[in-house]
Amino acid sequence: MIEISKISKHYPTRVLTEGDAEIILALCRNNPLFYEYTEAEPTKEQILDDLKATPPGKGLSDKYFFGFFEGDELVAVMDLVDGYPDQGTAYIGFFMVNLHYQGKRVGTSIIDEVTEYLRSIGKTAVRLAIDKGNPQSTHFWKINEFEILSEVDLNGWTKLVAEKSLVKKN
């Protein structure tokens, strides 16, 4: 089980709910580049759907949709699924940093904390999908040591499946 409160030493974290849809939407609308490369749209309905969406074979008990905060400001949002596609792996379904915090290594420091926490609870890998063609996302995940494993087509949109091993190398 993932304990959201233990993920970050720098930012208080909490599960986001339907009541947070407006602050999530504001963060998303300030990141238009992301939406140029995906079928998703920054709408309240999309946010509400994302809060409940799970991959095949996973339920809401395995899903953690949460925010990183500085005071009342939402710094970043993450959708994390425990045990997908296998028990040793955690899956990041969505990660976005507030525009005001981008370019300051905030996203990288959050990913470092998340991956270190997941390693500490026994996870061996973190997986995600990158929208093919999105230079910002591709660059971000590569500098954070995610390796592209394959390409998949999802309803006409090409995704790059990427993974970071959490197994310490000798």
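Every heavy atom of this structure was used, including side-chain atoms; hydrogens, water molecules and symmetry mates were not.
Checking side-chain atoms of Asp131 against main-chain N and O of Asn134 turns up no donor-acceptor pair under 3.5 Å. At distances below 3.5 Å, not a single donor-acceptor pair connects side-chain atoms of Lys58 with backbone N or O atoms of Lys63. The closest donor-acceptor contact from the side chain of Thr124 to the backbone of Gly88 lies under 3.5 Å. Counting only distance, with no hydrogens or angles, the side chain of Arg127 and the backbone of Tyr91 share no donor-acceptor pair below 3.5 Å. Using modelled atom types, one side-chain atom of Thr115 and one backbone atom of Ile111 make a donor-acceptor pair closer than 3.5 Å.
Lys123 has a carboxylate O that lies under 4.0 Å from a charged side-chain N of Asp82, or vice versa, which qualifies the two as a salt bridge. A salt bridge links Arg14 and Asp20; the closest N-O separation between the charged side-chain nitrogens and carboxylate oxygens is under 4.0 Å. Salt bridge Lys6/Glu113: absent, no basic N to carboxylate O contact under 4.0 Å. The pair Lys132-Glu151 counts as a salt bridge, with a side-chain nitrogen and a carboxylate oxygen less than 4.0 angstrom apart.
Note that CG of Leu25 and NZ of Lys44 are 8.5 Å apart. Values are rounded to the nearest 0.5 Å. The CD1 atom of Ile24 sits 5.0 Å away from the CG atom of Leu51 when rounded to the nearest 0.5 Å. Atom CD of Glu70 and atom NE2 of His100 lie 12.5 Å apart (nearest 0.5 Å). Note that OG1 of Thr89 and CG of Leu128 are 11.5 Å apart. Values are rounded to the nearest 0.5 Å. If you take OG on Ser137 and CZ on Phe146, they are separated by 12.0 Å, rounding to the nearest 0.5 Å. In this structure, CE on Met96 lies 11.0 Å from CG on Leu74, to the nearest 0.5 angstrom.
Criterion: ILVMFWY side-chain heavy atoms under 4.5 Å apart, direct or through other members. Under it, Tyr84 and Met1 are not part of a common hydrophobic cluster. Both Leu48 and Phe65 belong to a common hydrophobic cluster when Ile, Leu, Val, Met, Phe, Trp and Tyr are linked at side-chain heavy-atom distances under 4.5 angstrom. Cluster annotation: Leu80 is connected to Tyr11 through the hydrophobic network of ILVMFWY side chains, with a link wherever side-chain heavy atoms come within less than 4.5 Å. Linking ILVMFWY side-chain heavy atoms closer than 4.5 Å, directly or via other members, places Leu16 and Tyr64 in two distinct hydrophobic clusters. The cluster map of Ile, Leu, Val, Met, Phe, Trp and Tyr, joined by side-chain heavy atoms under 4.5 Å apart, puts Tyr101 and Phe68 in the same cluster.
Side chain to side chain, Tyr117 and Glu3 fail the donor-acceptor criterion of an N or O pair below 3.5 Å. A donor and an acceptor atom, one from each side chain of Asp112 and Ser109, are nowhere located under 3.5 Å apart. Counting only N and O atoms by type, the side chains of Gln46 and Asp50 include a donor and acceptor under 3.5 Å apart.
Listed here is the closest heavy atom pair of Cys28 and Ile47: SG-CD1, 3.9 Å. In this structure, Arg119 and Ser165 approach most closely via the heavy-atom pair NH2-O, 4.4 Å. When every heavy atom of Phe95 is checked against every heavy atom of Met78, the shortest pair comes out as CD1-CE, 3.5 Å. Residues His10 and Ser8 share a closest heavy-atom pair of N-OG, 3.1 Å. For the pair Leu99 and Asn30, the tightest heavy-atom approach, listed with the atom from each and the gap, is CD2-O, 3.4 Å. Nearest heavy-atom pair, Leu27 versus Val77, reported as atom, atom and distance to 0.1 Å: CD2-CG1, 4.1 Å.
For Glu147, the CD atom is loosely surrounded, since the number of other residues' heavy atoms within 6.0 Å does not exceed 12. Other residues, nucleotides and ligands contribute more than 12 heavy atoms inside 6.0 Å of the CD atom of Glu73.
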Test log, rule side chain to side chain contact (heavy atoms under 4.5 Å, CB included), inputs Ile2 and Ile121: CA-CA 8 Å; Ile2 293 173; Ile121 63 167; 4.0 Å; yes
Glu18 vs Lys52, side chain to side chain contact (heavy atoms under 4.5 Å, CB included): CA-CA, chis, key distance, verdict: CA-CA 10 Å; Glu18 291 180 359; Lys52 298 174 188 166; 3.0 Å; yes
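Put simply, the side chain of Trp141 reaches to within 4.5 Å of the side chain of Ile92, judged on heavy atoms. Side-chain contact between Val126 and Leu166: present, with at least one pair of heavy atoms (C-beta onward) separated by less than 4.5 Å. For the pair Val161/Val152, a side-chain contact is recorded, criterion being any heavy-atom separation below 4.5 Å from C-beta on. Considering only heavy atoms from C-beta on, Val75 stays 4.5 Å or farther from Phe69 through its side chain.
Relative ring orientation between Phe34 and Phe94 is described as perpendicular, the plane-to-plane angle rising above 60° on a 0-90° scale split at 30° and 60°.
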